[in-house]
Structure formats: structure tokens, C-alpha cells
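As C-alpha cells, the structure follows; a few thoughts come after it.
Lettering follows sequence order; numbering is per chain, from 1. Because only heavy atoms are used, hydrogens play no part in the values below, and waters and symmetry mates are left out as well, while side chains stay in.
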Amino acid sequence: MLLFDDYRKIILDEIKKIYSIQDNDMDINGNFGDFTLKIFKFKENREEVYSKIKSIMGKDFIDKIELQGNYINFYIRAEKMLDTIDNSLETFGMYPNVFQDTSKALIEHTSSNPTGPIHVGRIRNSIIGDSIYRIINRYGTRSCTQYFVNDSGKQVISLYLGHIKYHRDEEMTVENLLDGYQKIYTNIEKDPDIKKEVQALDERYENGDSQLIKEIQKTASIVLQSITDSLEKLGIHISTYVWESNFIMYGNVNELINSLSDNLKSEGKAKYIEIGDKKIFLTRQDGTSLYFARDLVYHMFKSENFDWIIDVLGEDHKDHVKNLDYVLHKFLDFPSRIDYLFYGFVSLDTGKMSTRKGNIITVNDLYEKTVEESVSIIKEKRPDYGKDEIDRISRAIAASSIRFNIVKINANKPLTFRWEEALNFEGDSAPYIMYAYARACSLISRSGKSGKSSVEYNEYEKNLIKAIYFYPYYIQNSVDFLRADIMAGYMLYLVKSFNDFYLNCPIVGTEEEQKRIKIVEVFKKIMEDSAELVGIQLLEKI
RNA sequence: GGGCUCGUGGCCUAGUAUGGAUAAGGCACCGUCCUUCUAAGUCGGUGAUCGUGGGUCCAAAUCCCACCGAGCCCGCCA
């Protein structure tokens, strides 16, 4: 929960004393004031409403109140907003301050099948999930992230079989594992024996053949390592890993199926649950379990330790989740709050990606190319930078750019990956944000003389202060709607306000220096705070 | 066929939840500004039947209905 002097709420509460209004009748940041009250719905004469509200609104933070058309606009004193921010930073080291919630949240994200390197489609999951985790954590809810490692089922068994059949004598690497996996899927059509081999392994696996389970875990862990290495490059660190095989080995899957037995029906030996006119199978004819059953177990497991569960999933999981959620609540008394966050697929301009078919752009490829591009631009623009410096900056730019280009887009929109956009460092991009921060740092290092607040602020100064002051409202919205793109949009808004200020308000060596440097310092702090939430790595020099 | 999601200048995106002020940014293109703090920046210009057609409303990009187009799902895969 966020703590700050919420002028919007204070104004709303005052008005509520005389009129029945809803919180959403008042917007922030209209073009015509800092807070705007819509008065279309008021039956009374507008002038009357205006003068009544004006007469009860004896607040020292209000500069002026104006009636403009069907709106009443509230203008807040810049120095009050700046004081609010500054006091919070001085006292708590952050703006806004938070109330640490005792509940705990778990964000499950990525959970890619460890059957190949992570590609630019899957990374959307990780980037959104990690940002949501950072945002919720910032909000004051203790959170951690989790990766559900799918090391059971036919896909990972195929990965293992691919190695046995095609690369038996080689040491396992991501490359030869992926090659074997792809060969299994290209050959399975013409060679029905492969299907039987997979099935045989699956049965051995589900019957708890511990030697086989270990081998397959080892196979999966090699691919998983490459995935987490890729994630780390983007600054994504996952707190905990849960291995699906454990639920099979320790019998949890069977327990769950037994506990549901009153609600299960059978078709031969296969068990299913009926939802509407659909049959959702939990076990196969041969007795082995299906993903649906294992996912139920996993969710029950998550709820043991967490009050709030968030699943980040591709939109292809929507139907699965609908059924899952139904069973969790209808038959299993699922105790925690649960939210599902879906994202649209990422395609290439040449079509869709498929790990099995091999037409993917891996995160490693993307990262390497983005670093390369960045290095060449730095060499051109900053010929005096040394090798280490170029190295450090280009890596920060690459990680930040990749993340920002994905996080800035609303999760439920489809996304087409294009190289020219990925490698463009102008406009609404991470380097644009990083650049503004570097400018701020440069100003502070040149001056360092911040002073007491003034009462006079010009429009550029005020707009920047206002953008900073509004930060908590954007965090709140991001949390309420579980949308990381709102934070990305906020950063662009904040930086635009700064650039406007920077261009129009000279600082070093002027009479306004102390006052303006103060604003820059505060801006710098909020930049650091908000950049953290979307994974942009700020540098003092770029 | 049924279900879900998306459709906003040439391209990408915000705005849709909660209907309300001139539909806001970016890319590309044309032009402007480095003897003042980082030009990865700034300012100006060109460019939008908000997929189409109806409806509700004082008011629709936003709500409702139909249709069109794209994606995803409709497995004893995950």
C-alpha cells in the first residue's frame, strides 16, 4: 500500500461531504489542470456547483480552482507537491513510502518447457512477469517469483530420447539436445516406433523409475541452465524453481486424483472431470497423469505458502486456465487470491515461431545483436570512451532496450518482432530514458548546489514536479490492473517532462540554480525508483 | 462450426476498465536548433472515414448488436 499526501483523495473527500460523487469522477493530469472533476452528471447549475465546491475547499495546497466547460479544474501549488516528494524522500528514502503488507505474493512466470533455448516469443512472459513482480514488491506486498520446471511429460521425454537416439556418445549440450529434439519431431511421422518408445519411457517414468527420472532431470537441467543464463542477461532472476517430477515421485498427483475421485468419471481407465459438456482428462488410459492434474497439484502447493498467486501465461492457456480455476474453486477450496495474466503471442514478420521447426530468434541472438548495435553507436557518438566503458554501457543498453520494447506494449496485444524496431535507440525507447537520466546526473555533478524550495515555479518546472508527484498514481494503476506497460508509459511521460524542462530552463551558473537542481535531484531519485520497476538499467554516463 | 483476444495516420503504440474538453506519442519523410548544462535530444510541418454498418445517449475510439479481417483455443499435448 502506498503512503503519500494524496491531494486527489483529500479533494475528493471534501467534495463528498456535499455531493455524492465517485472516485473516478476525478481524473489526474488532464490538459487543463492537475486534477479534473467531471460535472456532467450534476443536476445543479454548473456555476452553483463550482462556487459551492470552491467555498468549502479551504486547502493551502490548492493554487486555484476553475470552472471550464463541464469540468472543474484544480490546480495544485508546485511547492506543495515538491514538499510532499521531498519530505518522503528525506524521511523514508523513497517516494511514495509504502506500508509493508503481511501477505505474500507469488508470481509464476516463464516456466518454459526446457526443450530448447528461450526465444523472443517466450521472453515476453519473463519480461512481463519480472516487471509485475518488481511493481508488486514496490507496492509493499512481499513477493517472489517461481519457475515451474516441466521435466515430465512427452516433450521432455522426447528431448531425452533425442539424445539417446541421435547423440548418444556426445556430452549433452543445449545444441545437440535441441537438434535431437527436433529430429524426434521430424521423424515421428514416418517412424511409428518412436511414438512407442516415447510412450514406454513415459510409463517407466510415471511408475517412478528413479534412475530414469534422474537422467531426465539432468537432461532438462542443462537446457534450463541455458534459459536462466539468457534471463540473467536481461536482469531477470527467478527466486525459486519447482520441479514437476517431484509431484509425481512423491505421490502428490495420485493423492490429488484420489481426493477428487467423487467428481471423476472414467472412460476405460482414463479419468476425467466433466465441465459443462467438456471432458477434461486427468489421466490417460495407461494410468499416467496429464498436465491438467499436475497443474492442479502445483497450484494447491503454491497456495500453501502464498496468499496471492499470479500466473503469467500465453493466451493459448486461456481455456486451460478457465477449467483449472473452476476445479480449484469448485472442488478444492482453493484458499488464495489468484490472478491470471495473459499475453498475446509474439510473431516474426516472416510468420510464427516454433522451437520444433527451428525458426526462432533466440534471446541470446537478440542480446548479442543489440549489444553489437549499441557498441557501434557508442563508438561513433562517444569516441573518447574506453573499451570497458563501452562494454558496460552497451550491455546495459541492450538489456534495457529489449525489456522496454516488450514491456511497453499492453500484454494482451499481439506483437510482431522486427529487427529495425528492436535496434532503434531513438524515440520511445530505453536509451531515450537512460539519456535523460545521464543528463540529470551530469547537471548534478556540475552543480551540486541544491537549495530550499521556492514558491515560484514556471510552467516547465511545475510540469516536471507534477509528473514526479503523480508517480504513486501510476504505481497504483499498474498494481490494480496488473499492467507493467502503465509503468513504461509513465517513464516516457516523466522523461518528456524533464526534457522540456531541460531545454527551457538553464541551470548551471544561473540565479535559479539552487531551486532547479533541487528538482533535478528529485527527478533523479524517481527515475531510479521507476526504472527499477521495468528493468531499465540507468547509468550516470551513456 | 463454437469460444476468447486484437483491429486507432504509410508503420508501431497510448487512450477503451469508469462514454465527456482540440484523438496523444514514437518510427519514417520534409524543415529547425549544438561559442550555455550529453543532438541517443529539441521545435515545427505533412499525414487519422478510430476495421465496416447499425443502435443507445445531450455526448461514442470507448457501451450494445451484426458483419469483415488477423491471432489463439476447442488433444487421453503442455
Side-chain angles (χ1 to χ4, degrees), chain A residues 22-25 27 30-32 36 38-41 68-71 73 111-113 115 150 152-156 158 244 267-272 278-292 294-295 314-320 322 342-345 347 352 374 377-378 380-382 397 405 408-410 412-416 418 420-421 424-447 477 480-481 483 485-486 488-489 492-493 495-496 498-500 502-510 513 516-517 520 541-542:
Chain A
Q22 312 225 307
D23 287 1
N24 57 35
D25 287 324
D27 295 332
N31 296 329
F32 302 88
T36 293
K38 298 181 255 192
I39 52 170
F40 297 92
K41 290 171 193 159
Q68 285 160 313
N70 291 310
Y71 303 85
N73 294 316
S111 299
S112 276
N113 284 349
T115 51
N150 168 238
S152 60
K154 284 184 179 167
Q155 294 183 357
V156 70
S158 301
E244 194 171 319
E267 211 170 272
K269 283 183 182 163
K271 291 179 180 155
Y272 65 89
K278 268 191 263 174
K279 294 174 182 172
I280 310 294
F281 282 86
L282 279 78
T283 64
R284 295 192 184 89
Q285 200 61 247
D286 61 12
T288 57
S289 67
L290 287 156
Y291 169 61
F292 190 82
R294 300 195 293 262
D295 210 21
E315 62 181 354
D316 54 335
H317 279 67
K318 277 184 180 173
D319 254 34
H320 166 76
K322 213 168 125 189
F342 297 104
Y343 63 94
F345 273 42
S347 56
K352 63 179 192 175
S374 178
I377 291 175
I378 297 168
E380 181 200 322
K381 290 184 189 290
R382 313 274 187 267
I397 287 178
N405 280 333
K408 73 179 176 184
I409 294 173
N410 191 325
N412 58 18
K413 294 256 186 182
L415 185 58
T416 304
R418 292 188 180 85
E420 46 166 331
E421 284 168 18
N424 181 11
F425 298 157
E426 287 165 14
D428 290 348
S429 67
Y432 171 76
I433 291 164
M434 297 167 76
Y435 186 71
Y437 179 79
R439 276 176 154 179
C441 291
S442 169
L443 282 173
I444 291 166
S445 73
R446 277 166 189 278
S447 167
N477 266 333
D480 288 349
F481 300 106
R483 281 182 48 188
D485 59 299
I486 289 176
L492 292 172
Y493 158 56
V495 163
K496 277 186 177 68
F498 174 77
N499 282 338
D500 222 18
Y502 181 88
L503 262 294
N504 291 289
C505 303
I507 297 175
V508 178
T510 67
E513 180 162 347
R516 288 179 176 165
I517 276 294
V520 176
K541 279 172 74 181
I542 80 163

Does [X] have any salt bridge (charged side-chain N to carboxylate O under 4.0 Å, His left out) partners at least two apart in sequence or in another chain, and if so, which?
X	value
Arg418(A)	Glu421(A)
Asp23(A)	Lys16(A)
Lys41(A)	Asp25(A)
Lys408(A)	none

Rounded to the nearest angstrom, tell me the gap between atom CD in Glu380(A) and atom P in rG41(B).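 The distance from CD of Glu380(A) to P of rG41(B) comes to 13 Å, rounded to the nearest Å.
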Rounded off to whole Å, could you give me the CD1-to-P distance for the Ile433(A) and rG41(B) pair?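 Result: 11 Å.
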Ion pair check, Asp485(A) and Lys413(A), cut-off under 4.0 Å: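 Answer for the salt bridge query: no.
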For Phe32(A), ring pair (Phe, Tyr, Trp, His ring centres under 6.0 Å) partners two or more places apart: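 Scan of Phe32(A) (ring pair (Phe, Tyr, Trp, His ring centres under 6.0 Å), adjacent residues dropped) gives none.
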Apply side-chain hydrogen bond (donor to acceptor under 3.5 Å, both in side chains) to [X] and list each qualifying residue two or more places apart in sequence or on a separate chain.
X	result
Asp316(A)	none
Asn499(A)	Tyr432(A), Arg439(A)
Lys541(A)	Glu389(A)
Asn504(A)	none

If pairs are Watson-Crick or G-U with both distances under 3.5 Å, what is the dot-bracket string of RNA chain B, marking crossing pairs with [ ] and pairs to another strand with |? (((((((..((((......[...)))).(((.(.......).))).....(((((..]....))))))))))))....
Could you encode protein contacts along nucleotides 42-47 of chain B as a string, one character per nucleotide from 5' to 3', using B for base contact, S for sugar-phosphate-only contact and - for no contact, with a heavy-atom cut-off of under 4.0 Å? SS----
Base, backbone or nothing for each nucleotide of nucleotides 69-78 of chain B, written B, S, -, heavy atoms under 4.0 angstrom, 5' to 3'? --SSS--BBB
Which nucleotide wins on minimum distance to the side chain of [X], given the candidates [options]?
X	options	result
Ser442(A)	rC37(B), rA40(B), rG7(B)	rC37(B)
Tyr502(A)	rA40(B), rU16(B), rC37(B)	rC37(B)
Asn412(A)	rA40(B), rU5(B), rU38(B)	rU5(B)

Comparing Pro506(A) and Arg483(A) on RNA chain B - which has the more 5′ nearest nucleotide: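 Between the two, 5'-proximity favours Arg483(A).
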Is the ring of Phe32(A) stacked on the base of rA21(B), with centres less than 5.5 Å apart and planes under 30° off?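 The base of rA21(B) is stacked with Phe32(A) (centres under 5.5 Å, planes under 30°).
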